Structures are given as structure tokens and as C-alpha cells.
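Side chains included, hydrogens not; waters and symmetry mates left out as well; all remaining heavy atoms used. Note that ligands are numbered from 1 as they come in the structure, with each ligand's atoms numbered from 1 the same way. All figures in this text were calculated on a predicted structure; none of them were measured in a lab.
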Amino acid sequence: MCLSELLKKNQNRIFAKINFNCLKMNNTIAGFSKLSKDEKINWIANHYFATPDEAIETVKKYWNSDKVLQQLHDEFIENTISNFYVPLGVAPNFLINGRNYTIPMAIEESSVVAAASKSAKFWATRGGFTTTVVATEKIGQVHFLFSGDESKLTSFFTNIKSSFFSDTVTLTQNMRQRGGGILNIELRNKTDLIPNYYQLHVTFETKDSMGANFINSCLEQLAKTLKNQANSYDLFSTEEKEIEVIMSILSNFVPNCLVRAEVSCPVEDLKEKHIENPEVFAQRFVQAVRIAEVEPYRAVTHNKGIMNGIDAVVIATGNDFRAVEAGVHAYAAKNGGYSSLSHATIENGHFRFWLEIPLALGTVGGLTGLHPLVKFCLEMLEKPSAQELMEVVAVAGLAQNFAALRSLTTTGIQEGHMKMHLNNILNQFQVTSDERNSIKQHFKNETISHSAVVRFIEDLRNKQ
Ligand code: MEV
């Protein structure tokens, strides 16, 4: 290529870059939600990508060819442009309260499903997991401001309490038929925290539904009743009649919607490959849990491992993992410091390991009747009630934690993890099946690290 051609080529490249950057500077849009799906994708591709055609191809590759299924997914959220896959795996052989389960897990992290399966197998021959649902109460609050005489507010609340129930009768009818409904409504004085701040603190039973919509609808009605009744309450002054409702919303902190999962066995029964001395193993294990109980830096990672199991099942069964995460971590900090969700003891030669977590889950309503794979997962779990699902989810968390602590206190976590991670690296480099075989053979006896694998692939390819 002569010099003038080279200059022209570079010039074109620079202009293309300038054009692309100019487009990027003007990347706001009005009425985006009104565009068709194709128009949305085109707008994004043209505004953010140097090679729009490639971007469009990537996004469309993930569309489902079944148009009805695709439309179902499109309508779960707003501005859908494609689907974002997360693998669905299964962990078989879970013995829970004497019954066998295959647990579905939707998760992108390698090793998690393998770890759950390993724990399931380990405990199936040692009595399995036992679980108890401690309580199933949900909570919602109406947050409001009242400036006036507190004793007058208290008697007003007592006087009108029955209207809270009667005004929500149509909303609660179906739930009451299923054995749920509003359990109690309390007036709580929070003026020590914020001037004039009070709450209606409401407890609910929502049976097999997670109950978010039910709770929020009830709360909004309770707020209306509160305002209307205050407005016509003769004993209030004009100012006191003006109760200001700030918001009405359920709480994702559900310390009384609690499940406990446990495993236990005589210490000598812990013996297995990598656990040659079960006494030493049990002591190191209990010590590791103790560290997570007292040391927040460790507790967060320890609990993250528990959530690997919990979130995966919560997602696979169409439940709200953000709500579960928020509630579980608040529970982990309920005593004022962040601590371990699980506990372990050795007493009279007996090893016990358990956790107690708040879980507000549903097996009816929401996504459970809509998402075909959620329906599939619930059927695989033999259509559990919400309480049974709480038990399965808690067990997945405990199993995960057991597997992590078992590795951490014996071989270390990286050995197993890197074996699984190897596949991800091989996929990233799009290795051929011959290359895959040579690499796997080589790393059978070598320490796996990202850089070592990459170097090996490069050497292999250079030789070819
Ligand atoms: C990794 O996803 C989870 C662990 O770090 C949990 C733990 O350290 O207990 C292995």
C-alpha cells in the first residue's frame, strides 16, 4: 500500500471514530418505550456500538424461535430486547425429612451445583437433612406523620381498629378462605427516631403465595382508612386530623418467617476421602464457623456461600431473590453486628451443623404460574407448598455452606473450583475437541490457573 493510500485509510478510520463519538454524545431519547422491539435494538446498536450489525446479531441470537414463548418473556418486563440465559442445573440425592428431592438451581457460577450434589450425597448416608418451619408471618407498614397528642392518637387507633379489618374485607376474602389474611395491626410510636413519625405495623399470613401484591393492596387501603377516619374524628384538633401518610409498603425483613435446616451425626461418621481424621475435621469445621460468627469480613463471604445455594433455588422457582437477599442479610445483622447465618457444635462426640434463615417465598402467584421453566422446577420438586419450598431452599443453603467449609478446612477451595473453571476458560478460547483433550490431560497433574491454561493453549496453537 502506498503512503497516500495508507493516509487515506487512517483518515477514514479517524472520521468513523469521530462520527461514532458524536453519536454517543447525543444518546438520550424521548419515547423509547413506544418504539417497537426492532426499533429499540436499532437505536441502541447505532448509538453505542462501533459495529451495529454485530451488536444486533448478538442480541437477536438469543431470541427464542417459538414466538409465543418469546412474547411471554418479552412481557415479563419493560423494554425487553432479548433473553439473558442463566444455566439451570440440578442437584439430586437430597434426603430431607426422610424424602428424596432433586433440587433445581439456576446459577452462572461453576462449582455451586457440584458442591450441592456432593453435600447431598454425603449427608444422604448420614441421616439426611432435617428442617422445621419456625414461623410464617409477613410484615407490612404504613408510615405516617401525626403532630399532636400521642394519647389521643392511641385512643383513636383503639376506637377505629375494627374498621381497618372491615374496610379490607373484600381484599382479604380469598386469602382468608385459604387460611391467611391480616393477623394483627399495631400502632408504633417512632417519634424518638423522627419527630411525629408513627407506623401501622401490620402482620400477615399469606399461605402459599409470597403475598407482596396482597400485602401492598391491604396496606394502601389501611392508609386510606387511617386518613379518612382521622379526618372525621371529633376528638382531634384540626391539625391532628391532618395525618400525613408518607408511604405504605411491605417489609422484606421477615424475622418471623423463619426456617431451620440441620444435619448431624456422630463425629466418627464424618470420616471420608479428604477427612481421614474426623475429630480434627469436626474441630476445624466448628472453628471455621466460629470465625464467621465473630468476624464480619469472614461472615460476609461465609454467608455469600450460603446464598449461592439459596439464590439458585429461589430463582429456579420463580421467587424474588433480591427480597430474600435483603431479608437474609438484615437477619444476619439482627444482633447489631454482621454474623454467620449458620452454626456448628460438637457435643458428647456428636457433630451438629445448622442454619436459621428468614424466607418469604411463594409457590402460587407471580412468576410461578407463568414461566414454563419455573413450572417445570416446581413440578420436579413435586409441587411444594410455600413451607416445603422454604425447607428445600434452606437445605440448599446449608449444603452449600457445608461443601465450602469442608473444602476450605481440608484441601482448600481452589482445587475443585479451578477444575470447573477450566471449562469456562476452554470455552472462552473456543478450543477444538482435540485441544480440549490435550489440555485436560496436561492439567490432570498440574496446578490450574488462568494464566497457565492460556499459556498452554498458546503453546499448543503455536506448535500446530
Ligand atoms: C464462593 O462463591 C463461595 C465461597 O467463598 C464461600 C465461603 O468462602 O464459605 C467458597
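- Annotation: Phe76, atom CZ; neighbour count of heavy atoms from other residues, nucleotides and ligands within 6.0 Å is above 12.
- Within ligand 1, the atoms closer than 4.0 Å to a non-hydrogen atom of Lys304 are 1 (C), 2 (O), numbered from 1 in the order shown.
- Under the 30°/60° scheme for interplanar angles, the aromatic rings of Trp123 and Phe402 are found to stand perpendicular.
- A side-chain donor-acceptor contact under 3.5 Å links Ser119 to the backbone of Ala399.
- Close contacts of ligand 1 with Ala404, meaning ligand atoms under 4.0 Å from a residue heavy atom, involve 9 (O).
- Considering only heavy atoms from C-beta on, Tyr48 comes within 4.5 Å of Trp43 through its side chain.
- Of the protein's non-hydrogen atoms, Glu109 OE2, 3.6 Å is the one closest to atom 1 (C) of ligand 1.
- Considering backbone and side-chain N/O atoms, His302 never comes within less than 3.5 Å of an N/O atom of ligand 1.
- The aromatic rings of Phe353 and Phe285 lie perpendicular to each other, with more than 60° between the two planes, well past the 30° mark.
- The distance from ligand 1 to the heavy atoms of Asn308 drops below 4.0 Å at these ligand atoms: 1 (C), 2 (O), 3 (C).
- Between Phe443 and Phe456, the angle of the ring planes goes over 60°, which puts this pair in the perpendicular group of the 30/60° scheme.
- For atom 10 (C) of ligand 1, the closest non-hydrogen atom of the protein is Ile413 CD1, 3.8 Å.
- Not a single heavy atom of Gln400 lies less than 4.0 angstrom from ligand 1.
- Among all non-hydrogen protein atoms, the one lying nearest atom 9 (O) of ligand 1 is Arg298 NH2, 2.8 Å.
- Not one N or O of Asn401 is nearer than 3.5 Å to an N or O of ligand 1, by distance alone.
- Atom numbering of ligand 1 starts at 1 in the shown order; those under 4.0 Å from a heavy atom of Leu408 are 7 (C), 8 (O), 9 (O).
- In this pair, His450 and Phe429 present their aromatic rings tilted. The plane angle is within the 30 to 60° band.
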Requested in this report: Take Leu361 and Val324 through the side chain to side chain contact (heavy atoms under 4.5 Å, CB included) test and state the conclusion after the steps.
Outcome: CA-CA 8 Å; Leu361 302 177; Val324 168; 3.9 Å; yes
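- In this structure, atom 5 (O) of ligand 1 lies nearest to the protein heavy atom Thr301 CG2, 3.5 Å.
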